[in-house]
Amino acid sequence: MNSWDSRPTLLNLVNGNEDIFAGAVAMVPMNNIPKAIEIIEQQVVSNDKFIGIQLFTQALDKSIASVEYEPIFLEMSKVNLPIFLHPVFDNNKRDNNITFSWEYELTQAMMQIVQAGYFEKYPKLKIIIHHAGAMVPFFAGRIKYTMSDQEYRDFKKFYVDTAILGNPKALELAIDFFGSEHMIFGTDAPFAVMPNGATEQIVDAINEMRVSTTTRDDIFSNNFLKIIR
């Protein structure tokens, strides 16, 4: 299936359920970067139902921060829409597992994006990281003292979602590092907790966080609406 096949389905789903969906996230062909840019310029930007694109931590067995993919980061900065970054397994590893591997791959991709200097080159760049920023909040001290001051500051520029299957203390740790304005509501539905996903567990965790009502409201909706507008 190519990127065009899913477009009518996604948009029809959004258009038919506007009371549920704020918009659709587009996919672009990573084996054809000029075509990916064309899709962003001609389809994503021209239709306000598209609210960003999804990329993965690797594409064609290369880091998403490889230089050949940089034009996509430049383009998304220009159009001021977010990149949703989701992990994939590294095919070179034999011990991949759903519990820990994705978090490592996310963390590595974040480091590679920071080290590529994309936040410095493209100040309007917005990247939403799955799973509350993966390993970064827990290892914030290691980042601070083993990397440069600029790299430490750039790690804080990522946005993160709440999809870690609960754990209010971990969400509070993510807020401590990224800031409450950089956390958005995410559930991983319909995955993780069968049959309908972990929405209940994640909502409970957010409600159990030691944050103000205003911050909680921002996490549930306001922060995300600011990102896509």
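The analysis underlying the following values was restricted to heavy atoms, covering all of them including side chains, and did not include hydrogens, waters or symmetry mates. Numbering starts at 1 and runs along the sequence shown.
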Between Ala205 and Pro168 the two heavy atoms that sit nearest each other are O-CB, 3.3 Å

How far does OG1 of Thr199 sit from CZ of Phe185, to the nearest 0.5 angstrom?
-> 6.0 Å

Nearest atoms (heavy-atom pairs only) where Pro82 meets Met76 = O-CE, 3.5 Å

Could you walk me through whether Ile40 and Phe50 pass the side-chain contact (heavy atoms from CB on, under 4.5 Å) check?
-> CA-CA 10 Å; Ile40 294 170; Phe50 278 129; over 6 Å; no

Single-linkage hydrophobic cluster Tyr69~Val79, side-chain heavy atoms < 4.5 angstrom = yes

In Å, rounded to the nearest 0.5 Å, how long is the span from CG of Asn207 to CZ of Phe220?
-> 4.5 Å

Quick check: are there more than 12 heavy atoms from other residues, nucleotides or ligands sitting under 6.0 Å from OH of Tyr122?
-> yes

Would Val160 and Leu125 show up in the same hydrophobic cluster when neighbours are defined by side-chain heavy atoms closer than 4.5 Å?
-> yes

Side chain of Ser66, backbone of Glu68: donor and acceptor closer than 3.5 Å?
-> no

Work out which heavy atom in Ala140 is nearest to a heavy atom in Phe177; give both atom names and the distance.
-> CB-CD1, 3.5 Å

Kindly give the heavy-atom pair with the smallest separation between Asn96 and Asp90, and that separation in Å.
-> ND2-O, 2.9 Å

I would like to know whether Met147 and Tyr152 meet side-chain contact (heavy atoms from CB on, under 4.5 Å); could you show each step before the answer?
-> CA-CA 7 Å; Met147 301 181 72; Tyr152 179 74; 5.9 Å; no

Quick check: does any side chain N or O of Lys49 sit under 3.5 Å from a backbone N or O of Val14, one acting as donor and the other as acceptor?
-> no

To the nearest 0.5 angstrom, please state how far the CD atom of Glu103 sits from the CD1 atom of Ile98.
-> 8.5 Å

Does Val25 belong to the same Ile/Leu/Val/Met/Phe/Trp/Tyr cluster as Ile72, with side-chain heavy atoms less than 4.5 Å apart forming each link?
-> no

Met30 and Leu74: same hydrophobic cluster, using ILVMFWY side-chain contacts below 4.5 Å?
-> yes

Do you know the tightest heavy-atom contact between Asn97 and Phe89?
-> O-CE2, 3.5 Å

Identify the two heavy atoms, one from Ala22 and one from Ile228, that lie closest to each other, and give their separation to 0.1 Å.
-> CB-CD1, 4.5 Å

Under 3.5 Å side-chain donor-acceptor pair for Asp154 and Gln150 | yes

Charged N to carboxylate O under 4.0 angstrom, Glu120 versus Arg153?
-> no

Check for a donor-acceptor pair, side chain of Asp218 on one end and backbone N or O of Asn223 on the other, with a separation under 3.5 Å.
-> no

Just do the side-chain contact (heavy atoms from CB on, under 4.5 Å) check on Asn222 and Glu181 with the steps written out, would you?
-> CA-CA 9 Å; Asn222 296 333; Glu181 70 280 4; over 6 Å; no

More than 12 heavy atoms of other groups within 6.0 Å of Lys62 NZ = no

Could you check whether the rings of Tyr118 and Phe73 sit parallel, tilted or perpendicular, using 30° and 60° as the cut-offs?
-> tilted

Without hydrogens or angle criteria, can the side chains of Glu105 and Thr57 be said to hold a donor-acceptor pair below 3.5 Å?
-> no

When you measure from the side chain of Lys124 to the backbone N and O of Lys78, does any donor-acceptor pair fall under 3.5 Å?
-> no

Distance in Å, Met209 CE paired with Lys169 NZ, rounded so as to fall on 0.5 Å steps | 10.0 Å

Would you indicate whether Lys144, at its atom NZ, is surrounded by more than 12 heavy atoms from other residues, nucleotides or ligands within a distance under 6.0 Å?
-> no

Rounded distance [0.5 Å steps], OG1 in Thr162 versus CG in Asn167 = 12.0 Å

If you draw a 6.0 Å radius around CD in Glu200, do more than 12 non-hydrogen atoms from other residues or ligands fall strictly inside?
-> no

Sole candidate of Thr107, Leu165, Leu106 that passes side-chain contact (heavy atoms from CB on, under 4.5 Å) when paired with His131 = Leu106

Should Val114 and Phe158 count as side-chain neighbours, where that means a heavy-atom distance under 4.5 Å?
-> yes

Minimum side-chain heavy-atom gap Arg216-Val211 below 4.5 Å | yes

With the side chain counted from C-beta on, respond yes when Leu171 and Ile175 share a heavy-atom pair under 4.5 Å apart, and no when they do not.
-> no

What's the spacing between Asn32 CG and Glu38 CD if we round to 0.5 Å?
-> 8.5 Å

Do Phe224 and Leu55 belong to the same hydrophobic cluster, where Ile, Leu, Val, Met, Phe, Trp and Tyr are linked whenever their side-chain heavy atoms lie under 4.5 Å apart, directly or via other members?
-> no

Any salt bridge between Lys121 and Glu70, counting N to O under 4.0 Å?
-> yes

Residues, nucleotides or ligands: over 12 heavy atoms within 6.0 Å of Phe21 CZ = yes

State whether the side chain of Asn196 and the backbone N or O of Pro190 hold a donor-acceptor pair below 3.5 Å, judged by distance alone.
-> no

Polar side chain donor-acceptor pair, His86 to Gln54, under 3.5 angstrom = no

Is the Phe155 to Phe119 ring centre distance short of 6.0 Å?
-> no

